[in-house]
Amino acid sequence: MSGGDGGNHELAQVLTEPGQPLWAREIAAYGLGCAGDRRAFETLVLLLNHRDPPRCATAAVALARLGDPRTARAAAALATNPLRTAYALHPVRLLTALRAPESVPALTATLRRLLAPRDAAAASVDSHARVALACVEGLGALGDAGAIPTLASARDHPRLTAAAVAALARLGS
């Protein structure tokens, strides 16, 4: 769906009217996204990159339901942005749920960066460790053999060992 009925029109107005509080825009974007109305796309992507995890989670749910072909590219850009790693958890999970062509390359790139020696200290930060773990779990769920070398590297990191072993087992390695 790309249009909308009267209710969707009212929700879309909330997205464009000046002075609307963020919570109202979030509710409107969620409703539109879940209804498959692509007018919510830009707002949902902004919310997916928000510093508030519940807002990111809400946006990820709506984006998964939206069915917009731009979603995977946007989520991949957010997941791989080294300046926004602390906020990449929900884009990573969304990429796993979407199972899009962009999913494995983005998760692999993000995990490799987090496993690199210069980011090893960053990967020990709780938010980065959660992102790395989500990448490992996502790569296991996506089942792409191209992820095996990166998952094998993740096996050497104590916080990722169990998940990496499980992901490798799912891939038959």
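Side chains are part of it too, since the values below use all heavy atoms of this structure and drop only hydrogens, waters and symmetry mates. It should be emphasised that the depicted structure is a prediction, and the values quoted were computed from it without experimental measurement.
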Minimum heavy-atom separation for [X] and [Y], please, with both atom names.
X	Y	result
Ala40	Ala29	CB-O, 3.4 Å
Ala24	Val14	O-CG1, 3.5 Å
Pro91	Leu48	CG-CG, 3.8 Å
Leu151	Ala164	O-CB, 3.6 Å
Leu111	Ala132	CD1-O, 3.8 Å
Pro158	Asp156	CD-O, 3.7 Å

Donor-acceptor pair, [X] side chain versus [Y] backbone, under 3.5 Å?
X	Y	value
Arg84	Asn49	yes
Thr71	Gly67	no
Thr110	Ala79	yes
Thr108	Pro105	no
Arg65	Ala35	no
Arg99	Ala141	yes

- Item | Full working for side-chain contact (heavy atoms from CB on, under 4.5 Å) between Thr96 and Glu137 | CA-CA 9 Å; Thr96 302; Glu137 292 170 345; over 6 Å; no
With clusters defined by side-chain heavy atoms of hydrophobic residues (ILVMFWY) lying less than 4.5 Å apart, directly or transitively, does [Y] cluster with [X]?
X	Y	result
Leu133	Val165	no
Leu47	Leu98	no
Leu139	Leu89	yes
Val104	Val131	yes
Leu168	Leu142	yes

Note, [X] side chain near [Y] side chain (heavy atom, < 4.5 Å):
X	Y	result
Leu46	His50	no
Pro69	Arg38	yes
Arg39	Asn8	yes
Leu32	Leu15	yes
Phe41	Leu63	yes

- Leu115 vs His157, side-chain contact (heavy atoms from CB on, under 4.5 Å): CA-CA, chis, key distance, verdict: CA-CA 8 Å; Leu115 296 177; His157 292 263; 3.3 Å; yes
So how far is it from [X] [atom1] to [Y] [atom2], rounded to the nearest 0.5 Å?
X	Y	atom1	atom2	result
Leu114	Leu160	CG	CG	9.0 Å
Arg112	Thr80	CZ	OG1	12.5 Å
Arg93	Leu95	CZ	CG	12.5 Å
Arg130	His90	CZ	NE2	8.0 Å
Asp52	Glu26	CG	CD	7.5 Å

- Ion pair present between Arg70 and Glu42, side-chain N to carboxylate O less than 4.0 angstrom?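 Salt bridge flag = yes for Glu42 with Arg70.
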- Message: Taking transitive links into account, so neighbours of neighbours count too, which hydrophobic residues share a cluster with Tyr30 at under 4.5 Å side-chain distance?
- Response: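 ILVMFWY cluster around Tyr30 also holds Val61.
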